[in-house]
Amino acid sequence: MSELLESLNPVQREAVEATEGPVLILAGAGSGKTRVLTHRIAYLISERGVAPWNILAITFTNKAADEMRERVERLCDEDGGKVWVATFHSTCVRILRQQAELLGYSPNFTIYDSDDQKTLMKRVVKSLELDPKMYGEKMLCGKVSAWKNACKGPDDAFKEAGDFRERKIAEIFENYQKQLLANDAMDFDDLLVNTVRLFKEHPDVLASYQQRLRYIMVDEYQDTNTVQFYFISLLAAAHRNICVVGDDDQSIYGFRGADIRNILDFEKVFTGVKVIKLEQNYRSTKNILDTANHVISHNFSRKSKTLWTDHEAGDRVDLREYDTGYDEAEGVITDIMENRRSFAYGECAVLYRTNAQSRLFEEKCVMYGVPYKLVGGVNFYQRREIKDVIAYLKTLDGARDDLAVQRIINVPKRGIGQTTVTRLADFAGEKELSFFEAVCCASAGEVPGVSAGASTKLTSFLSLIDQLSSMRSSLGLKELVEAVVDRSGYRKELQDEKTVEAETRLENIEELINKAAEYPDTPGDREALTQFLEEVALIADVDTLDEDENRVVLMTLHGAKGLEFPRVYIAGMEEGLFPSIMSMNTGREEDIEEERRLCYVGITRAKKKLTLTCARQRMVNGETRFGIESRFVSEIPDDLLERRNEGKGGFAPGGGYGSRTGRGCGRPEKGSNFKFGGYGSSSYGNSLDDYYSYDYGVRREPSARYGQPSQRITRTDSSISSGSVSAYMGKSLMADKSSGPDYGVGDRVRHVKFGEGIVTAIEEGKRDFEVTVDFDRIGSKKLFASFAKLQKI
DNA sequence: TCGAGAATTGTTTTT
DNA sequence: CAATTCTCGA
């Protein structure tokens with residue numbers, strides 16, 4: 001038998017050897033699915049003689065992709081590095097960069113994150129003169145995202161619309177898409193939708209990818225949504241060598257459009273599917289696994305399977321009840337300290353349902369000097385200062401992203417106010433110019449309503465951009481970022497502020513510069529910048545997690561998917577928090593079931609020791625809420641649990657306020673419907689609220705408020721590190737714009753936004769060539785050559 | 001134009 | 001409670 005197969009159990013081996021045709025692997029938690037996938041890839045290469053570039057493996061996070069590539073490399077040397085391993089999103093970006101022009105985008109289109117999405121959405125609502133209260137951008141982004149996840153466009157939205165409001169929303173959707181295109185931008189969902197569109201509209205393009213990617217593997221299949229399913233279906237249609245790995249019990253992204261039906265549809269679309277079940281767990285002790293099995297068995301809609309292990313029973317699962325959220329955090333962190341000889345800090349993880357819960361744990365870590373790593377919350381790349389610098393870079397990279405230009409036009413302060421910006425935006429809208437082009441016009445005094453004073457300020461802004469642009473060809477990426485920070489006056493403004501906050505911002509900027517330094521430093525390397533911007537947009541929080549560091553990990557249950565830790569704490573096991581009040585209020589059992597799967601995911605992260613904790617009362621939105629034990633706890637048989645009441649002086653457990661709240665954190669009766677597990681119900685004895693609130697006032701821990709503790713600089717580590725992705729990025733499709741336009745008067749040209757037209761004049765302006773084009777659709781326009789990116793046809 | 005202070009508002013989970 | 005948006009005076 002081949003060496004590769006020897007280390008696998010018979011079922012795993014079967015999964016590895018089933019290389020041809022569609023395969024569905026139902027892999028329970030900890031059953032070695034990553035092992036199967038990596039070995040399968042290695043097997044394809046070394047035993048079946050498949051070329052590495054004929055293999056595509058899609059993972060959920062960049063971190064998982066890196067890990068998988070590494071492990072494959074270990075199994076079959078350098079060939080492993082040539083396998084295409086990436087997330088759905090980065091896979092699509094890579095394809096789109098090559099073919100964007102077919103969709104009316106430029107090859108270095110920008111990617112909008114959820115903040116940008118919201119900003120754009122607000123603007124669309126405003127431009128349609130609708131009431132922003134009636135049409136909240138959050139809800140709209142949610143709807144648009146849901147449509148896109150289901151692979152539907154504005155026309156579908158119009159068809160589905162029943163009433164006035166729905167028609168309006170469809171109209172907003174349509175407009176939003178137009179604005180994205182005008183800004184040469186795609187949101188996260190567009191990356192998938194547009195790739196699918198590309199494949200459908202250009203069968204030749206699809207065929208070339210089908211030709212190349214003959215073996216396709218998808219990890220975390222239970223979390224794919226409809227667009228993602230279309231995407232892989234199209235790619236795999238020709239060779240049908242598609243292998244998906246998933247666990248319906250770990251499907252926790254329903255809110256993002258993930259659909260378990262994809263598992264069923266898989267067997268419909270790909271006939272003759274070979275189904276393989278991996279049920280042996282190699283990760284956890286028997287007690288932990290039993291606990292997980294008991295909890296998940298309360299779900300009705302699931303494919304029946306039972307995980308087993310031949311590991312020892314291990315400790316019982318701890319359940320600890322605390323008086324308050326503060327006590328809970330204190331208890332967990334001190335427990336970690338006390339046991340640090342059995343479990344190193346780096347072996348411990350604290351998991352919770354909501355990001356808001358992290359603060360308490362963070363404070364306690366700071367207080368006791370426990371090294372920790374906070375994953376999630378505010379993403380590094382979403383921080384204001386980082387987004388500002390990125391906006392500068394985007395502006396230098398094309399200036400068609402109106403949001404980016406507007407973001408930095410007055411950052412740092414240069415006296416360009418809201419009024420001017422609005423004027424410019426209106427002018428740009430009227431004349432169908434980009435915002436940046438409008439700025440150029442205003443600087444030349446061509447925009448009515450912009451004062452001479454404002455015009456001067458705009459000119460100096462333009463000369464800054466101009467200056468940076470011209471430096472670009474002689475600087476490496478790192479120097480370019482530094483130049484942006486220095487020349488713009490951004491660094492100086494922060495230095496002058498002299499606050500701890502500004503200091504932190506500067507540190508973050510330094511960190512961004514460090515990241516930039518990891519890219520090729522060839523002067524004027526366009527690709528480096530484009531790639532940098534792209535990775536910055538697609539990076540996830542878990543991607544920055546480095547388990548070699550000896551730090552306690554704090555993160556949400558969602559973030560923990562796919563990871564494992566010897567010691568796991570799950571905090572906040574209370575009705576209304578976990579399961580969340582949201583899932584309880586819909587009254588739909590499916591929503592509770594998703595929460596239960598989340599609980600199952602959390603439990604199965606633990607290898608050796610699991611502790612569940614809850615608090616009888618906790619601060620939520622500034623008010624004290626009383627909680628009762630989560631139903632998930634009550635679904636665990638008593639003999640698996642080690643209960644401990646950690647309440648201390650002053651609170652009689654089960655008594656005191658017990659007459660109102662039942663038994664505090666006590667066990668709820670089985671079978672009853674906990675509509676208000678203390679959360680969500682508005683009045684629960686106000687006098688008691690007051691009393692306990694006062695108690696908090698004494699207890700509050702102000703130490704970690706502002707000062708960023710040294711442990712907090714957790715993001716300096718782990719490089720962005722998918723440099724290997726670049727190997728496949730292919731050649732640059734960009735024209736060199738340094739030596740003037742490559743078209744002349746009378747030539748026919750294409751503009752991304754305005755379509756085709758004829759060049760009627762070219763004149764050399766002081767900062768750029770100004771080209772006048774007579775467009776077929778919209779008539780004559782004067783454009784700046786370097787930003788218009790006109791293409792000769 | 002811009003800052004300070006007031007008012008308001010919000011809570012799931014994320015590529 | 002904390003973060004964001006709004007309002008108003010200079």
ask   = For A/T420, which contact category applies under a 4.0 Å heavy-atom criterion: base, sugar-phosphate, or nothing?
value = sugar-phosphate
ask   = Under the 3.5 angstrom rule, does the side chain of A/E629 hit a backbone N or O of A/M573 as a donor-acceptor pair?
value = no
key: Candidates B/dT9, C/dT5, B/dT14 - which lies nearest the side chain of A/K122   = C/dT5
remark   = Testing B/dT14, B/dT9, B/dT15 for proximity to the side chain of A/H89, the answer is B/dT15
ask   = Between B/dT12, B/dT9, B/dT15, which nucleotide gets closest to the side-chain atoms of A/T354?
value = B/dT12
ask   = What nucleotide among B/dT15, B/dT14, B/dC2 has an atom nearest to a side-chain atom of A/N410?
value = B/dC2
key: Basic-acidic side-chain contact under 4.0 Å: A/K63, A/D66   = no
query = In terms of side-chain heavy atoms of A/A540, which of B/dT15, B/dT9, B/dT13 is nearest?
reply = B/dT15
Nucleotide nearest A/R353 when distance is taken to its side chain, options B/dT13, C/dC1, B/dT14 = B/dT13
query = When rounded to the nearest Å, what value does the distance between P atoms of C/dT4 and B/dT13 take?
reply = 14 Å
query = Do the side chain of A/T119 and the main chain of A/D115 share a donor and acceptor less than 3.5 angstrom apart?
reply = yes
request  = For A/Y230, look at atom OH and say whether over 12 heavy atoms of other residues, nucleotides or ligands are found less than 6.0 Å away.
outcome  = no
ask   = Of the nucleotides B/dT12, B/dT14, B/dG3, which one has an atom closest to the side chain of A/S580?
value = B/dT12
